[in-house]
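Along the sequence shown, residues carry numbers from 1. The analysis underlying the following values was restricted to heavy atoms, covering all of them including side chains, and did not include hydrogens, waters or symmetry mates.
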Amino acid sequence: MKKLIKNGTIVLEDKVIQGDLLIEDEVIAAIGQDLEADGGQVIDASGMVVLPGGIDVHTHFNIDVGIRSVDDFSTGTIAAAFGGTTTIVDHMGFGPKGCNLHHQLGVYKGYTNGKCVTDYGIHGVFQDINEDILKETEVMMEDGVSSFKMYLTYDYKLEDADALKVLQKLKEIGGITTVHCENDAIIHYLRDKFVSEGKKEAKYHPQSRPPYCEVEAVDRMIALAKAAGKAPLYIVHVSAKESVDLIREARKEGDTVFGETCPQYLVLDESRYDDPEEGLKFILSPPLRAKEHQAAIWEGIKDGTLQVIATDHCSFDYHGDKQNGKDDFTKCPNGAPGVETRMPIVFSEGVSKGRMSLNKFAAVTSTNPAKIFGMYPKKGVLAVGSDADIVLMNPDMEVTITKNILHENVDYTPYEGIKVKGWPVMTMVRGQVVVENERLQVPLGFGRYIYRKPVQYTELLK
Ligand code: URP
Ligand code: ZN
Ligand code: ZN
Ligand code: ZN
C-alpha cells in the first residue's frame, strides 16, 4: 500500500527541497519531484513543512518515585503523537533494592505492552553498581538497550568510583552513559539549611540547587569520562551556561561528550518561583535558571555544543501530588510535563523566530537523538529506506498553549499562555497516520519497541 505526500517543504538531512515523498508499506520509498501514488492515498502538503518525526529521548512515564507520575505509556505516547513526536525513549524507574536491570526491563515491557501509540525504547537506569549489574549491561544491549543513565543526586546517586566503572564498561560494549549532573552534598546542605531557617517556599528550590551545583557535577563527569579513555558521555538536561562552556571545551579536546537541553530551560526562567503557589508547577531539577542562561543555551545549540532538545517529561498533578510541597518545597515531587509541547515550542522559538534553520530543527529534535541512541538511519531522517516517521508542521499556524488543548494526562502545563507559531497537524509512524485532524487514528499498542544498536561514537564527533 502506497501513500504520497505531495508538494511539501521536505526537510532532508543536509538540505530542504520542495517536492513529494512516497511511502510504501512502512518505509520511505522515494523522495523527489512529480512522484506517482499508483492508486495509493495522496496527502496534500502544500504550505506544510515535512519533517522527520520528533524523537524525545528523555521521558519518565509511569515512573514511581514513591509517588507515581500521572502519564503512563498510553497517555504519554498519545500526547507525544499529538505533539509531532513519533518515538520516545523512556527512563526505566527503579525496582526494589538489589533488583537487577534485566528484571526491571521486564517490568517496563509490562508497562508498555499494548499501550504505546508511538514507537519507543527504554534507557537502562542504574540504582547501584556491582559486578553482576555491570555484566548485565551486555544482556541489556542484546535486548536493544544501548544507553544507561546514572544520577549523581537523589537516593540512588552513584559515587565517582562506580561512575567510572560504568563509563568504562559501556565504552567497551558500544553503549553510552547518560548522567543527571548535580552535586548531591551541596543540595542536601543547602536544603537542610533553608528548611531549618523556615525558608520553605518554592523559591528556595532553585536556591538549593544553584548553577554551580550542576556545573561542578558536569566538570567532574567530563573528567571521569576522560579518565575512562574518552568514554562516551551524554549529559542530560543542561540548564546552566557554564555547563555549556565545559561541554564545548571538552569537545574541542576530542572528548566524546554530548549535551541535551530541554524547552523549559529555553523559555522559562526562575521568576516562575516568585509566586509560592504557582511556583510548585516548576519544581523540577535542575531548576529554572536566571534569564541570562537562556542565551548561552541557544548559543550552545547553534554551535553544536548541545545536540539534543528533549523534554524530561515527568508529570505530577498540580492540584494533586505537587501540593505536597505547599508548606515545604522539599516535599514536592520533582518534574514537569512537556512531551506534547516540545516540537511546537522549539519550532516557534527556533525556526519561526529565526534562531535555527529547518535542518537544525530536524537535527536537534530527531536526527541527533536517533544517532546518539542507536536508532539511525531507521529513525531520525527522511531518506529512502528509513521508517516513514513523519510530521507535517503548519509553519503559519498560531496557537496559544493552554492545558485544555493538550492530551497529557496532567492538570497543568508549564507553558500555559505561551504563544507559538508553527503547529504539527499530522503525525505518521511507519507510514500509518497516528494523529490527523485532532484525532488519534491508531489503537493502543500500535507502537513498537525499538531494538537500539551499539554506536561508533567517535564517528559522531566528526
Ligand atoms: O525534576 C526532574 N527532572 N524529575 C525527573 C527526574 C530527573 O531528574 O530527570
Ligand atoms: Zn527485581
Ligand atoms: Zn534528571
Ligand atoms: Zn529526567
Colleague: Less than 4.5 Å apart, any side-chain heavy atom of Pro263 and any of Ile309?
Modeller: yes

Colleague: Mind checking the CD1-CG spacing from Ile67 to Asp321? Nearest 0.5 Å is all I need.
Modeller: 4.5 Å

Colleague: Kindly indicate, with the supporting measurements, whether the criterion side chain to side chain contact (heavy atoms under 4.5 Å, CB included) is fulfilled by Tyr234 and Val308.
Modeller: CA-CA 10 Å; Tyr234 176 93; Val308 175; 3.3 Å; yes

Colleague: Might you point out which heavy atoms bring Val339 and Ala80 nearest each other, and give the distance in Å?
Modeller: CG2-CB, 3.8 Å

Colleague: Identify the two heavy atoms, one from Phe347 and one from Gly422, that lie closest to each other, and give their separation to 0.1 Å.
Modeller: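 Looking at all heavy atoms of both residues, the closest pair is CD2-CA, 3.9 Å.
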
Colleague: Is Glu349 paired with Arg355 through a side-chain N to carboxylate O contact shorter than 4.0 Å?
Modeller: yes

Colleague: Yes or no on salt bridge (Lys or Arg N to Asp or Glu O under 4.0 Å) for Asp20 and Lys6, after CA distance, side-chain angles and deciding distance?
Modeller: CA-CA 4 Å; Asp20 310 336; Lys6 200 117 189 90; 2.6 Å; yes

Colleague: Are any of the side-chain heavy atoms of Tyr318 and Glu277 separated by less than 4.5 Å?
Modeller: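 Touching, per the 4.5 Å side-chain cut-off.
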
Colleague: Applying ring-ring contact (aromatic ring centres under 6.0 Å, His included), name anything that partners Phe126, two or more places apart in sequence or on another chain.
Modeller: Phe148

Colleague: So does Thr75 get a backbone contact from the side chain of Asp72, meaning a donor-acceptor N/O pair under 3.5 Å?
Modeller: yes

Colleague: Working to the nearest 0.5 Å, report the span between CD1 of Ile55 and CD1 of Ile450.
Modeller: 7.0 Å

Colleague: Please test Asp143 against His102 for side chain to side chain contact (heavy atoms under 4.5 Å, CB included), starting from the C-alpha separation and ending with a verdict.
Modeller: CA-CA 9 Å; Asp143 274 347; His102 203 253; 2.6 Å; yes

Colleague: Are any side-chain N or O atoms of His123 and backbone N or O atoms of Val57, one a donor and one an acceptor, separated by less than 3.5 Å?
Modeller: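 It does hold such a pair.
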
Colleague: Would His58 and Lys149 count as a side chain to side chain contact (heavy atoms under 4.5 Å, CB included) if you check the C-alpha gap in whole Å, the side-chain angles of each, and the deciding distance to 0.1 Å?
Modeller: CA-CA 11 Å; His58 194 154; Lys149 182 174 190 182; 3.5 Å; yes

Colleague: Taking the side chain as C-beta and beyond, is there a heavy-atom pair between Phe329 and Gln207 under 4.5 Å?
Modeller: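 Side chain of Phe329 against side chain of Gln207, heavy atoms only: no contact under 4.5 Å found.
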
Colleague: When you compare the side chain of Pro52 with that of Leu382, does any pair of heavy atoms fall below 4.5 Å?
Modeller: yes

Colleague: Would you mind writing out the side-chain donor-acceptor pairs for residues 32-40 within the sub-3.5 Å range, not counting sequence neighbours?
Modeller:
unit_1: Gln33; atom_1: NE2; unit_2: Gln18; atom_2: O; d: 2.4
unit_1: Asp38; atom_1: OD2; unit_2: Lys2; atom_2: NZ; d: 2.6

Colleague: Using the side chain to side chain donor-acceptor pair (under 3.5 Å) rule, take Asn404 and Thr402 through it: C-alpha gap first, then chi angles, then the decisive distance, then the call.
Modeller: CA-CA 6 Å; Asn404 291 340; Thr402 181; 5.0 Å; no

Colleague: Between OG1 of Thr365 and CZ of Arg342, what distance do you get to the nearest 0.5 Å?
Modeller: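 Interatomic distance, Thr365 OG1 to Arg342 CZ, rounded to 0.5 Å: 5.5 Å.
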
Colleague: What residue among Lys3, Lys379, Arg430 forms salt bridge (Lys or Arg N to Asp or Glu O under 4.0 Å) with Glu26?
Modeller: Arg430

Colleague: Given Phe446, which of Val429, Thr118, Leu440 fulfils the side chain to side chain contact (heavy atoms under 4.5 Å, CB included) condition?
Modeller: Val429

Colleague: With sequence neighbours left out, write down each residue that passes side chain to side chain donor-acceptor pair (under 3.5 Å) with His237, or none if nothing qualifies.
Modeller: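 Counting only residues at least two positions away or on another chain, His237 forms a side chain to side chain donor-acceptor pair (under 3.5 Å) with His180.
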
Colleague: Can the ring centres of Tyr120 and Phe61 be said to be less than 6.0 Å apart?
Modeller: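 No.
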
Colleague: Can you list the residues that meet the side chain to side chain donor-acceptor pair (under 3.5 Å) rule with Glu436, with sequence neighbours excluded?
Modeller: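 So Glu436 forms no side chain to side chain donor-acceptor pair (under 3.5 Å) with any residue.
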
Colleague: If we check side chain to side chain contact (heavy atoms under 4.5 Å, CB included) with Glu416, which of these qualifies: Lys281, Lys403, Glu278?
Modeller: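 Per the side chain to side chain contact (heavy atoms under 4.5 Å, CB included) rule, the option paired with Glu416 is Lys403, out of Lys281, Lys403, Glu278.
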
Colleague: Counting neighbours of CD on Gln456 that are heavy atoms of other residues, nucleotides or ligands and sit closer than 6.0 Å, is the number greater than 12?
Modeller: no

Colleague: Does one side chain, of Thr85 or Asp56, offer a donor that lies under 3.5 Å from an acceptor on the other?
Modeller: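 Looking only at side-chain atoms, Asp56 and Thr85 do not form any donor-acceptor pair under 3.5 Å.
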
Colleague: With distance as the sole test, does Tyr108 use its side chain to make a donor-acceptor pair with the main-chain N or O of Gly93 at under 3.5 Å?
Modeller: yes

Colleague: Using every non-hydrogen atom in the two residues, find where Cys262 and Asp312 come nearest and quote the distance to one decimal.
Modeller: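 What the structure gives for the nearest pair is SG-CB, 4.3 Å.
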
Colleague: To the nearest 0.5 Å, what is the distance between OG (Ser239) and CD (Gln264)?
Modeller: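 The distance works out to 9.5 Å.
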
Colleague: Could you check whether any side-chain N or O of Thr112 sits under 3.5 Å from a backbone N or O of Lys109, counting only pairs where one atom can act as donor and the other as acceptor?
Modeller: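 Between the backbone of Lys109 and the side chain of Thr112 there is a qualifying donor-acceptor contact (under 3.5 Å).
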
Colleague: Kindly indicate whether the side chain of Val434, heavy atoms from C-beta on, has any atom under 4.5 Å from the side chain of Gln441.
Modeller: no

Colleague: Applying side chain to side chain donor-acceptor pair (under 3.5 Å), name anything that partners Tyr273, two or more places apart in sequence or on another chain.
Modeller: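 Tyr273 satisfies side chain to side chain donor-acceptor pair (under 3.5 Å) with no other residue.
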
Colleague: Using 30° and 60° as the class boundaries, would you call the ring planes of Phe82 and His407 parallel, tilted or perpendicular?
Modeller: parallel

Colleague: State yes or no: are the ring centers of His205 and Phe282 separated by less than 6.0 Å?
Modeller: no

Colleague: Considering residues, nucleotides and ligands other than Lys302, do more than 12 of their heavy atoms fall under 6.0 Å from its NZ?
Modeller: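 Not buried by this count: 12 neighbours or fewer within 6.0 Å.
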
Colleague: Between His313 and Asp71, is any side-chain donor less than 3.5 angstrom from a side-chain acceptor?
Modeller: yes

Colleague: Can you tell me if Arg209 uses its side chain to pair, donor with acceptor, with the backbone of Pro287 under 3.5 Å?
Modeller: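 Answer holds: no.
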
Colleague: Could you tell me which residues satisfy side chain to side chain donor-acceptor pair (under 3.5 Å) with Glu292, sequence neighbours excluded, listed by chain and number?
Modeller: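 With neighbours one apart ignored, the set is Lys241.
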
Colleague: Does Arg452 reach the side chain of Val145, with side-chain heavy atoms less than 4.5 Å apart?
Modeller: yes

Colleague: Taking all non-hydrogen atoms of both residues into account, name the closest pair between Ala370 and Gly380 and its distance.
Modeller: CB-CA, 3.7 Å

Colleague: How long is the gap from CZ on Phe258 to CG on Leu233, to the nearest 0.5 Å?
Modeller: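 Nearest 0.5 Å value for the CZ-CG distance: 9.5 Å.
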
Colleague: Kindly indicate, with the supporting measurements, whether the criterion side chain to side chain contact (heavy atoms under 4.5 Å, CB included) is fulfilled by Gln294 and Leu266.
Modeller: CA-CA 5 Å; Gln294 293 177 353; Leu266 292 167; 5.7 Å; no

Colleague: Checking Asn359 against Ser357: is there a side-chain donor and acceptor pair closer than 3.5 Å?
Modeller: no

Colleague: Using every non-hydrogen atom in the two residues, find where Tyr265 and Pro286 come nearest and quote the distance to one decimal.
Modeller: OH-O, 2.6 Å

Colleague: Got a salt bridge between Arg289 and Glu214, using NZ or NE/NH1/NH2 to carboxylate O under 4.0 Å?
Modeller: yes

Colleague: Measure across Glu408 and Ala79 and return the closest heavy-atom pair with its distance rounded to 0.1 Å.
Modeller: CG-CB, 3.6 Å

Colleague: May I ask you to check whether over 12 heavy atoms, not counting those of Lys203, lie within 6.0 Å of atom NZ?
Modeller: no

Colleague: Can you measure from NZ (Lys326) to SG (Cys332) and round to the nearest 0.5 angstrom?
Modeller: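 Those atoms lie 12.0 Å apart.
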
Colleague: For residues Val391 and Thr86, determine if any side-chain heavy atom of one lies less than 4.5 Å from a side-chain heavy atom of the other.
Modeller: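 Of all side-chain heavy-atom pairs linking Thr86 with Val391, none is under 4.5 Å.
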
Colleague: Quick check against the 3.5 Å criterion: does Asp389 have a side-chain atom that pairs as donor or acceptor with the backbone of Gly53?
Modeller: no

Colleague: Going by heavy atoms in the side chains, are Phe73 and Asn113 under 4.5 Å from each other?
Modeller: no

